[in-house]
Amino acid sequence: SDGVADVNAAVRFAENLRDYLNGPVGVSVSIGLGSYHPGIAGLRVAYHEAEQAYQIGREFFGLGQVTAYGDLGVYRLLYAFRESNELAAFCEETLASLTEYDLKNGASLVDTLEVYFRCDASLRLAAEALYLHRNSLAYRLRRISEITGLNLDSLEDRFRLQLALKSRRLVRGPAGQQSIAQRT
């Protein structure tokens with residue numbers, strides 16, 4: 001059978017189950033799905049993947065999510081290093097100046113950057129999502145570059161910022177209350 005269709009069907013089933021339990025039953029659940037692996041040994045691998053997808057889904061995306069292991073991409077790697085002081089230091093080095101600027105000035109440049117990346121670095125789409133004029137968004141992106149010292153036109157710098165943004169929730173903890181400095 002078609003593996004993609006099977007995965008999509010499993011995700012739809014899990015989402016329907018989650019919605020049913022959340023709606024009429026009133027129970028909020030998160031669900032992790034492993035990939036298909038044949039045989040008894042494969043069942044063990046699939047279970048481990050489902051458990052990991054559940055944990056990663058809750059950490060990165062919050063409660064009440066359906067998370068398929070095959071869709072996690074870079075999050076699998078980041079999760080493996082979630083307790084690493086090196087990951088915490090990387091986030092600190094990359095985002096501290098921007099976070100401090102936001103706190104000091106009541107700004108939301110970190111959120112702006114997250115939306116910009118979520119919109120695949122499209123000025124038009126990000127401006128629409130943020131309810132900003134394109135020029136206002138372009139100004140914010142220039143400020144982000146000035147504050148961080150990173151060039152958003154550089155693939156390497158963009159990757160660094162994206163990785164730090166994806167990692168920061170793990171470094172700060174699921175509720176976002178633990179600062180990077182508290183981990184050392």
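Numbers here are sequence positions counted from 1. Quantities reported herein were computed from a predicted structural model and do not represent experimental measurements.
The two atoms that bring L72 and A53 nearest to each other are CD1-CA, 3.8 Å, heavy atoms only. Considering all non-hydrogen atoms of both residues, G70 and S35 come closest at N-OG, 4.3 Å. Pairing each heavy atom of A68 with each of V11, the nearest pair is CB-CG2, 4.2 Å. Taking every heavy atom of both residues into account, A127 and L137 meet most closely at N-CD2, 3.5 Å. Nearest approach of Q65 to G57, heavy atoms of both residues: CG-O, 4.5 Å. Of all heavy-atom pairs between S97 and T148, the closest is OG-CA, 3.8 Å.
Using a 4.5 Å heavy-atom cutoff, the side chains of N22 and V27 are not in contact. Here the side chains of L141 and L123 are in contact, with some heavy-atom distance below 4.5 Å. Contact annotation: the side chain of L109 approaches that of I147 to within less than 4.5 Å [non-hydrogen atoms, C-beta and beyond].
Annotation: salt bridge (charged side-chain N to carboxylate O under 4.0 Å, His left out) contacts involving residues 125-136, sequence neighbours excluded, comprise R124-E128.
Salt-bridge annotation for E146 and R143: present, with a side-chain N of the basic residue lying under 4.0 Å from a carboxylate O of the acidic one. Note on R44 versus E49: no salt bridge recorded, every NZ/NE/NH1/NH2 to OD/OE distance being 4.0 Å or above.
With hydrogens and angles disregarded, a donor-acceptor distance shorter than 3.5 Å links the side chain of D102 to the backbone of V110. Side-chain atoms of N105 never come within 3.5 Å of backbone atoms of A107 as a donor-acceptor pair (strictly under, hydrogens ignored). Judged by distance alone, the side chain of S136 and the main-chain N or O of L132 form no donor-acceptor pair under 3.5 Å. Using modelled atom types, no side-chain atom of S108 and backbone atom of D111 make a donor-acceptor pair closer than 3.5 Å.
If you chain together hydrophobic residues whose side chains sit under 4.5 Å apart, L125 and Y116 never meet in one group. In this structure, L163 is not a member of the same hydrophobic cluster as L161, with clusters built from ILVMFWY side-chain heavy atoms closer than 4.5 Å. Both L150 and I144 sit in one connected hydrophobic cluster of ILVMFWY residues. Membership requires side-chain heavy atoms under 4.5 Å apart, directly or through other members. V171 and L95 fall into different hydrophobic clusters, where Ile, Leu, Val, Met, Phe, Trp and Tyr are joined by side-chain heavy atoms under 4.5 Å apart, directly or via other members. When hydrophobic clusters are built by joining Ile, Leu, Val, Met, Phe, Trp and Tyr residues whose side-chain heavy atoms come closer than 4.5 Å, directly or via intermediates, F117 is grouped together with L130.
Residues passing the side chain to side chain donor-acceptor pair (under 3.5 Å) test with E100, sequence neighbours excluded: none. Residues meeting the salt bridge (Lys or Arg N to Asp or Glu O under 4.0 Å) test with R18, sequence neighbours left out: none.
Put simply, CD1 on I56 and OH on Y75 are 11.0 Å apart, with the number rounded to the nearest 0.5 Å. Between L155 atom CG and Q162 atom CD the span is 9.5 Å, to the nearest 0.5 Å. Interatomic distance, OH of Y79 versus CD of Q52, reported as 7.5 Å (0.5 Å rounding). To the nearest 0.5 Å, atoms CG (L152) and CZ (R158) are separated by 7.5 Å. We find the CG-OG distance between D157 and S145 to be 8.0 Å, quoted to the nearest 0.5 Å. Here CZ of R12 is found 14.5 Å from CG of L17. Values are rounded to the nearest 0.5 Å.
Shown here is I40, whose CD1 atom has no more than 12 heavy atoms of other residues, nucleotides or ligands within 6.0 Å.
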Go through the steps to decide whether R160 and E93 satisfy the test salt bridge (Lys or Arg N to Asp or Glu O under 4.0 Å), and finish with yes or no. CA-CA 10 Å; R160 178 186 179 109; E93 292 163 9; 3.7 Å; yes
Please determine whether side chain to side chain contact (heavy atoms under 4.5 Å, CB included) holds for the pair E114 and R168, giving the CA-CA distance in whole Å, both sets of side-chain angles, and the decisive distance to 0.1 Å. CA-CA 12 Å; E114 284 184 335; R168 78 186 182 119; 3.1 Å; yes
Before you tell me yes or no, could you show the steps for R76 and Y69 under side chain to side chain donor-acceptor pair (under 3.5 Å), namely the whole-Å CA-CA distance, both residues' side-chain angles and the distance that decides it to 0.1 Å? CA-CA 8 Å; R76 291 181 0 215; Y69 184 80; 3.2 Å; yes
Start with the C-alpha gap between V25 and Y20, add the side-chain angles, then the distance that decides, and say whether side chain to side chain contact (heavy atoms under 4.5 Å, CB included) holds. CA-CA 7 Å; V25 178; Y20 172 76; 3.5 Å; yes
May I have the step-by-step check of side chain to side chain donor-acceptor pair (under 3.5 Å) for R58 and S30, ending in yes or no? CA-CA 7 Å; R58 285 188 56 154; S30 299; 4.6 Å; no
Residues F81, E86; criterion side chain to side chain contact (heavy atoms under 4.5 Å, CB included); working and verdict: CA-CA 8 Å; F81 291 99; E86 194 62 38; over 6 Å; no
From CA spacing to verdict: side chain to side chain contact (heavy atoms under 4.5 Å, CB included), Y54, T67: CA-CA 6 Å; Y54 165 78; T67 308; over 6 Å; no
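Under a cutoff of 6.0 Å and an axis angle of 45°, R142 and Y139 do not form a cation-pi pair.
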